[in-house]
Amino acid sequence: MFTLRRLSFIALAATTMTVTAATPALADSSRCTSGSACSGRVTFQSYGEVFKVYDQKADGHSAVLLYWLPDGSGPHRVWNPNGNGSSVTANLEFPEGDWVTYRACLGEHGPKEILESTCGAPITDYA
C-alpha cells in the first residue's frame, strides 16, 4: 500500500512538472522614443498580443509604433495622432510563441512621415 501511494505521488508530481514546463513564458515590455523625455512610449502585453501607443508630450508630433513579424513583414505602423496624454490600442493576432520586434518613434501623422532620429532602441518580445 505504501509503495502504491508513493508511486501515485511520483506520477502526479511528474504530470504537474510536465504541464508546468509546457506553459509558455509571458513577457511584457515597453520602449520609449530616443532622448530622456520619453515623448512617445509603446507597451506590449504578451497575453493577447496587445500594443499601446502613448503620446506623452505636447510637442506637435504623433507617437508611432513600428513593428516587424517573423514572416519578414514590416515595419507595420500604429499611429497615435490624438495628442499629449492620449493612447491608442492595437490588439494583434499571431501564434503563441512567435516573436515581434518593435520600437517607439515620433512622426508627422498627415504625411505619414517617421522622424527616424526620434526612434528608440528596438526590442524583441514573444507572444
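Starting from 1, each residue takes its place in the sequence as its number. Worth saying up front: this structure is predicted, and the values here are computed from it rather than measured.
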Requested in this report: Following the transitive rule for hydrophobic clusters with a side-chain heavy-atom cut-off under 4.5 Å over Ile, Leu, Val, Met, Phe, Trp and Tyr, establish whether Tyr102 and Val88 coincide in one cluster.
Outcome: yes
Query raised in the report: Could you go step by step and tell me if Phe51 and Val42 meet the side-chain contact (heavy atoms from CB on, under 4.5 Å) rule?
Result: CA-CA 7 Å; Phe51 279 108; Val42 173; 3.7 Å; yes
**Report entry** Stepwise side-chain contact (heavy atoms from CB on, under 4.5 Å) check, Val50 with Leu92
**Finding:** CA-CA 6 Å; Val50 177; Leu92 306 178; over 6 Å; no
Query - Side chain Tyr126, main chain Asp28, donor-acceptor under 3.5 Å - result: no
Report task. List the steps, then state whether side-chain contact (heavy atoms from CB on, under 4.5 Å) holds for Thr43 with Ser29. Result -> CA-CA 6 Å; Thr43 62; Ser29 58; over 6 Å; no
Query - Minimum side-chain heavy-atom gap Trp79-Val53 below 4.5 Å - result: no
Under 3.5 Å, side-chain donor or acceptor atoms of residues 59-70 against the rest of the protein: list the pairs with distances, not counting sequence neighbours.
from: Asp59; atom 1: OD1; to: His61; atom 2: N; distance (Å): 2.9
from: His61; atom 1: ND1; to: Glu108; atom 2: OE2; distance (Å): 2.6

Query raised in the report: Has the side chain of Thr33 got a donor or acceptor atom that lies under 3.5 Å from a matching backbone atom of Gly120?
Result: no
Query - 4.5 Å side-chain heavy-atom contact, Arg103 and Arg31 - result: no
Query raised in the report: Given Ile114 and Cys119, is the side-chain contact (heavy atoms from CB on, under 4.5 Å) satisfied, shown in steps?
Result: CA-CA 9 Å; Ile114 302 295; Cys119 293; 3.9 Å; yes
Report summary line: Rounded to the nearest 0.5 Å, the CD atom of Glu93 sits from the CG atom of Asp98 at a distance of 12.0 Å
Report task. Ignoring hydrogens and angles, state whether a donor on the side chain of Thr101 or Thr124 is under 3.5 Å from an acceptor on the partner side chain. Result -> yes
Query raised in the report: Got a sec, which pairs hit disulfide (SG to SG under 2.5 Å) with one end in residues 36-82, sequence neighbours left out?
Result: Cys32-Cys38
**Report entry** Gap separating the NZ atom of Lys57 from the CG atom of Leu106, nearest 0.5 angstrom
**Finding:** 9.0 Å
Requested in this report: State, with a plain yes or no, whether a side-chain heavy atom of Ser87 is found less than 4.5 Å away from one of Asp55.
Outcome: no
Query raised in the report: For the side chain of Asp125 and the backbone of Trp99, is there at least one donor-acceptor N/O pair under 3.5 Å apart?
Result: no
